[in-house]
Amino acid sequence: MNRRTLGQGLSVSALGLGCMGMSDFYTGGRDDVASTAVINRALDLGITFLDTADMYGPFTNEVLVGQAIGSRRDQVVLATKFGNERLADGSFVGVNGRPEYVTAACDASLLRLGVDHIDLYYQHRVDRHVPIEETWGAMKLLVDAGKVRFLGISEASPATIRRAHSVHPIAAVQTEWSLWTRDVEVNDVRATTKELGIGFVPYSPLGRGMLSGQIRSINDLADDDWRRHHPRFQGDNLTKNFALVEKLTSLADEKGCTPSQLALAWVLAQGDDVVPIPGTKRMNYLEQNVAALEVVLTPLEVESLSLMAPVGSTSGDRYPDMSTVNI
């Protein structure tokens with residue numbers, strides 16, 4: 001497994017593993033035993049970068065990840081997040097960036113994960129009602145206390161990134177980025193991370209599974225799958241978006257790989273400071289994703305894929321409610 005370096009010298013595997021779907025949102029039934037096996041197989045394959053958050057479950061995904069890594073803790077760069085506040089029954093309270101909440105959330109995550117420090121601690125969403133300097137001041141204190149090694153932020157605008165970075169250096173910005181979500185290339189988020197030497201961690205690099213080619217209709221999703229309410233999976237949007245998948249599949253056939261592998265290879269080709277975290281709870285998908293590291297694209301192939309899925313070509317918003325992103 002090749003390694004890549006995020007900001008502030010944080011070295012991780014070139015591919016990470018998103019663990020959210022093991023406990024929440026893309027459920028279709030939970031199987032913690034199978035998910036634990038997937039996490040351990042990921043470590044066997046050289047993946048060191050695991051991504052979770054307190055809101056996933058809620059709370060249960062951190063417990064799952066912490067128990068799964070067990071005695072292998074020293075092999076893992078463990079990332080988790082705070083800021084999307086939920087209650088135990090799953091209801092959403094809202095975005096919370098208050099300094100006192102930062103401290104309490106971190107302590108709770110440490111307890112659930114069963115570790116004495118978090119390697120990368122993200123602000124999951126930006127609180128519009130709390131100055132970013134106050135939130136990051138509290139996060140800096142976590143680093144000073146040894147509870148956290150590196151800090152990150154998710155779904156923040158260039159201006160917010162700069163303000164947070166001035167309080168404490170940012171190691172990683174996590175934002176959705178894939179062939180069907182290319183906003184970061186035109187809203188200056190990617191340009192800002194390059195300028196400031198901040199690593200980039202794309203989540204949903206497979207377009208929430210759409211780019212795998214496995215989803216052709218809403219009926220391919222489980223009844224409790226959150227994507228049933230996602231704008232891009234609805235009606236005409238889904239039909240239009242599947243046209244992109246068909247083009248991707250055709251190019252993948254020519255390349256001798258799967259659509260998922262080609263989509264991941266495109267993201268990986270965006271820079272050595274880019275580390276995608278495709279999520280899965282299935283062993284075969286995990287192994288297929290890791291094999292994407294062997295798919296080498298020429299500059300011309302990267303350009304061809306980019307032209308195939310130009311910025312803004314995807315139909316539908318990224319979330320049912322976009323008010324908490326791109327602040």
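Not measured: the values here are computed from a predicted model. Values reported hereafter were calculated over all heavy atoms of this structure, with side chains retained and with hydrogens, waters and symmetry mates removed.
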* Asked: Any chance CG of D144 has more than 12 other-residue heavy atoms, nucleotides or ligands included, within less than 6.0 Å?
  -> yes

* Classify the angle between the aromatic ring planes of Y319 and W226 as parallel (below 30°), tilted (30 to 60°) or perpendicular (above 60°). => tilted

* side chain to side chain contact (heavy atoms under 4.5 Å, CB included) with R162: which of I170, I132, T192? -> T192

* Asked: Do the charged groups of R125 and E85 touch, with an N to O distance under 4.0 Å?
  -> no

* Asked: Does W180 have its ring centroid less than 6.0 Å away from the ring centroid of F242?
  -> no

* M308 and L179: which non-hydrogen atoms are nearest, and at how many Å? -> CE-CD1, 4.3 Å

* **E133 side chain to A164 backbone, donor-acceptor under 3.5 Å** => no

* So, do N237 and T314 sit near enough that their side-chain heavy atoms are less than 4.5 Å apart? -> no

* Does a side-chain heavy-atom distance below 4.5 Å link V201 with F49? -> yes

* Asked: So, for L6 and A172, which heavy atoms are closest and what is the spacing to 0.1 Å?
  -> CD1-CB, 4.2 Å

* Considering residues, nucleotides and ligands other than D44, do more than 12 of their heavy atoms fall under 6.0 Å from its CG? -> yes

* Structure fact -> Note: with side-chain heavy atoms under 4.5 Å as the link, the other cluster members for V186 come out as V311

* Asked: Checking R227 against Y26: charged group under 6.0 Å from the ring centre and within 45 degrees of the axis?
  -> yes

* Asked: Heavy-atom distance under 4.5 Å between the side chains of E155 and R318, does that happen here?
  -> yes

* With a cut-off of under 6.0 Å to the ring centre and 45° to the axis, is R182 in cation-pi contact with W177? -> no

* Asked: Should the pair H168 and W136 be assigned to parallel (<30°), tilted (30 to 60°) or perpendicular (>60°) ring geometry?
  -> tilted

* **Side-chain donor-acceptor contact under 3.5 Å, S35 with R282** => no

* List the atom of S13, the atom of I47, and the distance in Å for their closest heavy-atom pair. => OG-CA, 3.6 Å

* S204 side chain vs G207 backbone, donor-acceptor pair below 3.5 Å -> no

* Which class fits the ring pair F92 and F25: parallel under 30°, tilted 30 to 60°, perpendicular over 60°? -> tilted

* Asked: Within a strict 4.5 Å, meaning less than it, do heavy atoms of the V95 and R128 side chains meet?
  -> no

* **Residue among R4, R190, K194 satisfying salt bridge (Lys or Arg N to Asp or Glu O under 4.0 Å) with D273** => R190

* **Residue R3 excluded, over 12 heavy atoms near CZ under 6.0 Å** => yes

